[in-house]
Novice: 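The structure follows.
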Amino acid sequence: MSEVFIPPTHPRYESLVLRERIVEALRHNVVALQGLIAHGRGECFDYLLGEQTIEPTLYALRAAAAALLLAKRPVISVNGNTAALVGKEVVELAREVDAKIEVNLFYRSRKREEAIAKLLRSYGAVEVLGVGEDADTTIPELYSERRRVSSRGIYVADVVLLALEDGDRTEALRKLGKFVIAIDINPLSRTSRCANITIVDNVVRAMPKLIQFVQELKRLPPSELREIVRNFDNEKYLRECVEYIARRLIELARSGITISFPK
Ligand code: PTJ
């Protein structure tokens with residue numbers, strides 16, 4: 001448990017609780033030290049979005065849910081920050097779409113792999129791939145530790161869902177013919193631009209909504225699901241996200257930034 005008391009009345013309560021969760025996960029070897037920097041970067045982009053799921057993202061979430069439901073061998077790739085922030089939702093989503101869960105780390109160590117697998121198991125995961133010898137093969141043309149994958153998981157997946165990823169692996173996965181769904185709050189990142197479907201949102205808001213969409217779309221026939229995926233244009237969507245941020249900043253600048261904060 002965290003040693004810090006955060007008063008629920010604090011105006012930044014939720015954000016502070018998430019920070020504590022990340023710091024706590026660092027203490028348990030789930031999050032890498034560099035994960036704290038990544039989280040700060042995410043917070044910054046969340047400010048720009050107004051800490052909300054913007055409307056165009058609902059279409060990205062819907063398309064992502066459809067793609068996951070159509071997948072034959074879906075895999076959810078999990079790193080330290082993802083496990084710490086939405087480990088429970090990862091397990092729930094995997095159950096909903098019958099996906100495998102695989103640990104894939106940039107700052108890979110056996111200790112961290114096992115800590116993440118243990119956390120996911122505590123949320124009910126039966127099998128966690130990518131730990132120790134299970135990461136038995138590599139993604140070609142990728143030289144970071146992220147290249148190590150399981151021949152039962154990411155290597156043979158048709159659809160890979162990932163979050164807080166680096167552009168190199170997203171690109172390498174695309175080259176391997178995978179359909180990549182990325183959760184990345186930065187619409188300008190290489191991952192966002194490389195993925196087939198990007199969900200530009202904080203992973204803590206995106207995952208529960210993705211689960212909801214999966215539950216809603218489950219009753220649709222495959223032909224309708226395929227139509228939803230086909231109609232989604234990632235490039236256009238990313239432009240809409242950047243335009244949203246630009247418009248919001250101009251409006252804030254014109255109306256006086258302080259007006260948007262409670263007195
Ligand atoms: O656990 P490991 O060893 O695999 O390391 C994972 C980190 C996160 C340290 C590593 O992947 C990393 O350095 O990530 P980046 O490149 O700093 O962040 C990847 C992207 O995730 C950036 O575009 C961030 O803006 C974005 N991001 C950060 N926090 C969030 C986020 N996207 C969604 N939700 C967030 N909470």
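Note that the structure is predicted; figures quoted are calculated from it, not measured. First listed ligand is number 1; within each ligand, the first listed atom is number 1.
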Novice: I183 to ligand 1: N or O pair under 3.5 Å?
Specialist: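 In fact, backbone or side chain, I183 has no N or O that close.
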
Novice: Just by modelled atom types, is the A195 backbone N or O under 3.5 Å from a matching donor or acceptor in the N234 side chain?
Specialist: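 Yes: the side chain of N234 pairs with the backbone of A195.
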
Novice: Return the residue, atom name and 0.1 Å-rounded distance of the protein heavy atom closest to atom 5 (O) of ligand 1.
Specialist: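 Going by distance alone, atom 5 (O) of ligand 1 is nearest to Y107 CD1, 3.7 Å.
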
Novice: So, E24 and R27, do they make that salt bridge, N to O below 4.0 Å?
Specialist: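 Between R27 and E24 there is a salt bridge, with a charged N closer than 4.0 Å to a carboxylate O.
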
Novice: Do any heavy atoms of E43 fall under 4.0 Å from ligand 1?
Specialist: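 No heavy atom of E43 comes that close to ligand 1.
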
Novice: Check the pair R169 / N104 against side-chain contact (heavy atoms from CB on, under 4.5 Å), numbers first and verdict last.
Specialist: CA-CA 10 Å; R169 192 171 73 120; N104 184 272; 3.1 Å; yes

Novice: Show which atoms of ligand 1 fall inside a sub-4.0 Å distance from at least one heavy-atom site of L105.
Specialist: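 Within the 4.0 Å cut-off of L105, ligand 1 contributes 1 (O), 3 (O), 4 (O).
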
Novice: Which is closest to atom 25 (O) of ligand 1 by heavy-atom distance: R146, H39, R190, R41?
Specialist: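 It is R41 that holds the nearest heavy atom.
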
Novice: Would you say D201 touches ligand 1, if touching means a heavy atom closer than 4.0 Å?
Specialist: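 The answer is yes, since D201 has a heavy atom less than 4.0 Å from ligand 1.
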
Novice: Do any nitrogen or oxygen atoms of V30 lie less than 3.5 angstrom from nitrogen or oxygen atoms of ligand 1?
Specialist: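 Checking ligand 1 against V30, no N or O pair falls under 3.5 Å apart.
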
Novice: At what distance is the nearest protein heavy atom to atom 4 (O) of ligand 1, and which residue and atom is it?
Specialist: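 Looking only at protein heavy atoms, the one closest to atom 4 (O) of ligand 1 is F106 N, 2.8 Å.
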
Novice: Return the closest protein heavy atom for atom 20 (C) of ligand 1 as residue, atom name and distance.
Specialist: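 Protein heavy atom with the smallest distance to atom 20 (C) of ligand 1: D184 OD2, 3.6 Å.
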
Novice: Walk me through whether K118 and E114 qualify under salt bridge (Lys or Arg N to Asp or Glu O under 4.0 Å).
Specialist: CA-CA 6 Å; K118 188 175 159 201; E114 278 168 6; over 6 Å; no

Novice: With a cut-off of 4.0 Å, which atoms of ligand 1 are near a heavy atom of R112?
Specialist: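 Those qualifying, in numeric order: 1 (O), 2 (P), 3 (O).
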
Novice: Starting from atom 28 (C) of ligand 1, locate the nearest protein heavy atom and write down its residue, its atom name and how far away it is, to 0.1 Å.
Specialist: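 Checking every protein heavy atom, the shortest distance to atom 28 (C) of ligand 1 gives A38 O, 3.2 Å.
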
Novice: For ligand 1, which atoms have a heavy atom of G35 less than 4.0 angstrom away?
Specialist: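 So the answer, numbered in order with elements, is 9 (C).
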
Novice: Considering distance alone, does some N or O of I185 sit under 3.5 Å from an N or O of ligand 1?
Specialist: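 It does: an N or O of I185 is found under 3.5 Å from an N or O of ligand 1.
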
Novice: S189 and side-chain hydrogen bond (donor to acceptor under 3.5 Å, both in side chains): which partner among D184, D166, T170?
Specialist: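 That would be D184.
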
Novice: What residue and atom, counting heavy atoms only, is the protein's closest point to atom 6 (C) of ligand 1, and at what distance?
Specialist: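 Its nearest protein heavy-atom neighbour is N79 ND2, 3.7 Å.
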
Novice: Tell me: protein heavy atom nearest atom 21 (O) of ligand 1, and distance?
Specialist: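 Going atom by atom, the protein heavy atom closest to atom 21 (O) of ligand 1 ends up being L164 CA, 3.4 Å.
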
Novice: Using a 4.0 Å cutoff against the non-hydrogen atoms of V203, which atoms of ligand 1 qualify?
Specialist: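 Under 4.0 Å from V203, ligand 1 has these atoms: 33 (C), 34 (N), 35 (C), 36 (N).
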
Novice: In this structure, would L33 and I116 fall into the same cluster of hydrophobic residues linked by side-chain contacts under 4.5 Å?
Specialist: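 Yes: a chain of side-chain contacts under 4.5 Å links L33 to I116.
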
Novice: Surrounding CZ of R230 (heavy atoms of other residues, nucleotides or ligands, distance under 6.0 Å), is the total greater than 12?
Specialist: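 Counting other residues, nucleotides and ligands, CZ of R230 exceeds 12 neighbours.
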
Novice: Would you compute the distance between atom CG of D134 and atom CD of E127 and round it to the nearest 0.5 angstrom?
Specialist: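 Answer for the CG-CD pair, D134 versus E127, is 7.5 Å.
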
Novice: Looking only at distances, please establish whether an N/O atom of ligand 1 is found under 3.5 Å from an N/O atom of G80.
Specialist: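 Yes, G80 has an N/O under 3.5 Å of an N/O on ligand 1.
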
Novice: If you draw a 6.0 Å radius around OH in Y155, do more than 12 non-hydrogen atoms from other residues or ligands fall strictly inside?
Specialist: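 Open.
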
Novice: Can you tell me which residue and heavy atom of the protein come closest to atom 36 (N) of ligand 1, and the distance to 0.1 Å?
Specialist: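 The answer is N202 OD1, 2.9 Å.
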
Novice: Decide yes or no on salt bridge (Lys or Arg N to Asp or Glu O under 4.0 Å) for E165 and R146, but give the supporting numbers first.
Specialist: CA-CA 10 Å; E165 183 73 40; R146 282 219 203 277; 2.9 Å; yes

Novice: More than 12 foreign heavy atoms under 6.0 Å from CD of E14: is that the case here?
Specialist: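 Open.
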
Novice: Would you say D166 and ligand 1 have an N/O pair spaced under 3.5 Å apart?
Specialist: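 N/O-N/O distance under 3.5 Å: no.
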
Novice: Do R205 and D46 meet the salt-bridge criterion of a basic N to acidic O distance under 4.0 Å?
Specialist: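 Salt bridge between D46 and R205, a charged N being under 4.0 Å from a carboxylate O: yes.
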
